[in-house]
Amino acid sequence: MTAARSSGAGLPPEPRRQFQVVATVWLILAAAYGVAFAFPIFFVALLDEFRWSRALTAGAMSMSTLLQGLLAPVTGIVVDRIGPRRVILAGVGLLGASSILAATIRTPWELYLYTGLVGAMGIVALGWVPMGVLLSHWVTERRGRMVGLAFSGMGAGIFVLGPLSQWLIDRLGWRAASLALGVAVLIVLLPSAWWGCRVPERRRGGPGGFRRDERDGGQGGGAGPPRRDGEATLADALRTRAFWALFAAYLLTPLAVFPVFTHQVAFAVDVGFPRLLVASIFGLMGLMSSLGRPLFGVVADRFGGAVSATISFGCTAGGAVALVAAEVWPHTVWLGIYAVLFGLGFGARGPIITAIATELFAGRRFGVIYGVLNMGNGVGAAIGPWFGGAVHDALGSYRMVFLSSIVFSALASACFWLARRRTP
């Protein structure tokens with residue numbers, strides 16, 4: 001019996017099908033973000049070959065994340081119109097093409113075109129917005145932990161593909177490594193997206209887009225904005241303090257994370273650690289991220305999103321402190337402490353924001369609302385990688401980058417308290 005038939009109109013989705021969708025999202029995010037977030041590994045190889053400045057080279061990552069933020073509302077509109085599966089399939093093709101084309105890079109403009117533009121289009125079509133909308137169709141209970149479990153795939157992908165990328169670079173060169181990752185994306189993700197990203201029949205609309213049963217539109221938080229026909233519009237959301245608090249949290253979080261994340265490998269290599277060891281620490285950070293996302297999702301369900309986010313930001317700040325210590329007293333133990341703490345917090349806020357936003361704004365217009373929220377994330381993530389490179393180019397050290405991460409962690413944590421999610 002298919003999921004559509006077993007979950008007829010007005011009935012909750014079949015639990016088995018819910019877990020299948022969560023597993024599919026996990027796999028797609030693992031592969032997609034494992035490839036996209038291997039940039040810090042390739043960053044060092046690019047610096048070695050081309051001798052570009054760190055700000056210029058990291059700027060490709062900044063361009064990518066900026067475009068992801070700007071494209072997020074557009075992606076939300078498209079997802080609301082044609083559904084998440086078609087968008088996800090397009091994202092697979094674009095991300096695979098980005099990695100394949102990156103193997104041919106000779107000039108900065110090619111890096112910015114293939115990684116900054118094509119890669120951004122691919123990852124935004126595989127990212128928070130379409131996956132958040134897909135999960136909102138299926139996950140009706142314990143959203144914090146279920147969304148956290150699904151998005152933990154991002155960390156698992158980093159855990160596997162970080163060291164694997166370095167291994168491939170050492171043996172084949174960075175060009176062949178990039179080509180191999182791009183081909184693997186297409187082979188693994190196209191069938192997964194085709195079969196695993198369907199939306200329940202009961203929630204499909206006609207040519208005008210997707211509809212949700214009225215009883216679905218009223219799920220969740222009770223603290224949301226006024227709703228027309230039982231659903232929030234973008235205008236409704238923009239009039240709430242919760243929306244702007246979440247927007248600010250999305251803006252500040254990558255300012256705390258991405259300057260560190262993008263330059264972590266280059267920093268450790270500068271200090272004198274072996275590259276494969278550094279890549280393994282990078283992978284460990286990703287593994288801890290895959291544990292931290294569902295862990296903090298459970299904490300959010302139990303104690304509320306503000307408490308969960310605050311603890312996770314404490315982990316981020318602790319990881320930054322460990323890197324400062326590693327610069328002063330170079331020892332592998334500091335890198336291990338960094339990987340555990342920073343990894344636990346890395347990406348943990350996204351599922352929390354997704355769960356809060358779903359409770360407050362779920363409905364036919366959730367895609368565009370969530371897309372506008374993601375603009376804040378795009379702007380912050382765009383500034384972050386460039387900022388880290390510019391600081392190093394000016395000061396010859398990443399210490400101020402790590403200290404600023406602590407400050408931004410504190411500010412972002414405060415935003416979650418302004419958009420407090422009720423404790424169930």
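These numbers were taken from a predicted model, which means no experiment stands behind them. No hydrogens, no waters, no symmetry mates; every other heavy atom, side chains included, goes into these values.
From Leu255, atom CG reaches atom CG of Leu411 across 9.5 Å, with rounding to the nearest 0.5 Å. Here the CH2-CG distance, from Trp386 to Leu66, works out to 13.0 Å after rounding to the nearest 0.5 Å.
Every residue two or more places apart in sequence or in another chain that forms a ring pair (Phe, Tyr, Trp, His ring centres under 6.0 Å) with Phe282 is listed here: Phe261. Evaluation of the ring pair (Phe, Tyr, Trp, His ring centres under 6.0 Å) rule for Tyr33 yields Phe37 as partners, not counting sequence neighbours.
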Quick one: do Leu168 and Trp174 satisfy side chain to side chain contact (heavy atoms under 4.5 Å, CB included)? Show the steps, please. CA-CA 7 Å; Leu168 289 172; Trp174 68 267; over 6 Å; no
Given side chain to side chain contact (heavy atoms under 4.5 Å, CB included), test Leu46 with Leu111 step by step and report yes or no. CA-CA 10 Å; Leu46 291 170; Leu111 173 64; 4.1 Å; yes
Determine whether Ile383 and Val379 satisfy the following criterion, side chain to side chain contact (heavy atoms under 4.5 Å, CB included), listing intermediate values before the conclusion. CA-CA 6 Å; Ile383 297 172; Val379 173; 4.2 Å; yes
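Between the side chains of Thr24 and Gln20, no donor N or O sits under 3.5 Å from an acceptor N or O.
In this structure a side-chain-to-backbone donor-acceptor pair under 3.5 Å is present from His263 to Gly389. Without hydrogens or angle criteria, Ser289 side chain to Leu344 main chain gives no donor-acceptor distance under 3.5 Å. The closest donor-acceptor contact from the side chain of Thr65 to the backbone of Ala382 lies under 3.5 Å. Side chain of Gln166 to main chain of Pro163: no donor-acceptor pair is present (N/O by atom type, distance under 3.5 Å, no hydrogens or angles). In terms of modelled atom types and a separation under 3.5 Å, the side chain of Thr115 and the main chain of Ala60 share no donor-acceptor contact. A donor-acceptor contact shorter than 3.5 Å is absent between the side chain of Ser308 and the backbone of Gly304.
A cation-pi arrangement is present between Arg349 and Phe313 under the rule of less than 6.0 angstrom and at most 45 degrees off the ring axis.
Under the 6.0 Å cut-off for aromatic ring centres, Trp109 and Tyr112 do not qualify, their centroids lying 6.0 Å or more apart. Between Phe267 and His392, the distance separating the two ring centers is not shorter than 6.0 angstrom.
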